[in-house]
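See below for the structure under consideration.
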Amino acid sequence: MPYDAGRAERDNPRLVGARALVERGAVERDGENATVRTDAETYRVRRHPDGAYSCSCRWWARHRGQRGPCRHALAVSMVAAPVGALS
């Protein structure tokens, strides 16, 4: 069965949002933590010792990682990943 490379983005709007944040330069790293600035808000993303991220956004407060990371945490993880790791 052929793999549809675009399906991951179509099925995950948070991934699309995270890539847009990275492309706009909205992520500012501060060691293990980061600030993500959108047009309307500023969010604080923290990296925990176990490697998991948490965020100050409402989506994260509502789901607490049970539905995966928010777009802000995804964007921070993309910026933190080694070059070529996300290709």
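The cluster map of Ile, Leu, Val, Met, Phe, Trp and Tyr, joined by side-chain heavy atoms under 4.5 Å apart, puts Val27 and Leu74 in different clusters.
Taking CZ from Arg24 and OG1 from Thr38, the interatomic distance works out to 7.0 Å, rounded to the nearest 0.5 Å. Atom NE2 of His72 is separated from atom OG of Ser54 by 13.0 Å, given to the nearest 0.5 angstrom.
Scanning all heavy atoms of the two residues, the minimum distance from Cys55 to Trp60 falls at O-CD1, 3.2 Å. The two residues Arg46 and Asn33 have their closest heavy-atom pair at CA-OD1, 3.2 Å. Heavy-atom minimum distance, Ala73 versus Val45: CA-CG1, 4.0 Å. Between Ala75 and Val22, the shortest heavy-atom distance links the atoms O-CG2, 3.6 Å.
Residues Met78 and Leu15 are in side-chain contact: their nearest non-hydrogen atoms beyond the backbone lie under 4.5 Å apart. In this structure the side chain of Trp59 never reaches within 4.5 angstrom of the side chain of Arg71, judged on heavy atoms. Side-chain atoms of Thr35 and Asp30, non-hydrogen and from C-beta on, never get closer than 4.5 Å to each other.
More than 12 heavy atoms of other residues, nucleotides or ligands sit less than 6.0 Å from atom CZ of Arg44. The 12-atom threshold is exceeded at CZ of Arg14, counting heavy atoms of other residues, nucleotides or ligands nearer than 6.0 Å.
Shown here are the salt bridge (charged side-chain N to carboxylate O under 4.0 Å, His left out) partners of Asp39, two or more places apart in sequence or in another chain: there are none.
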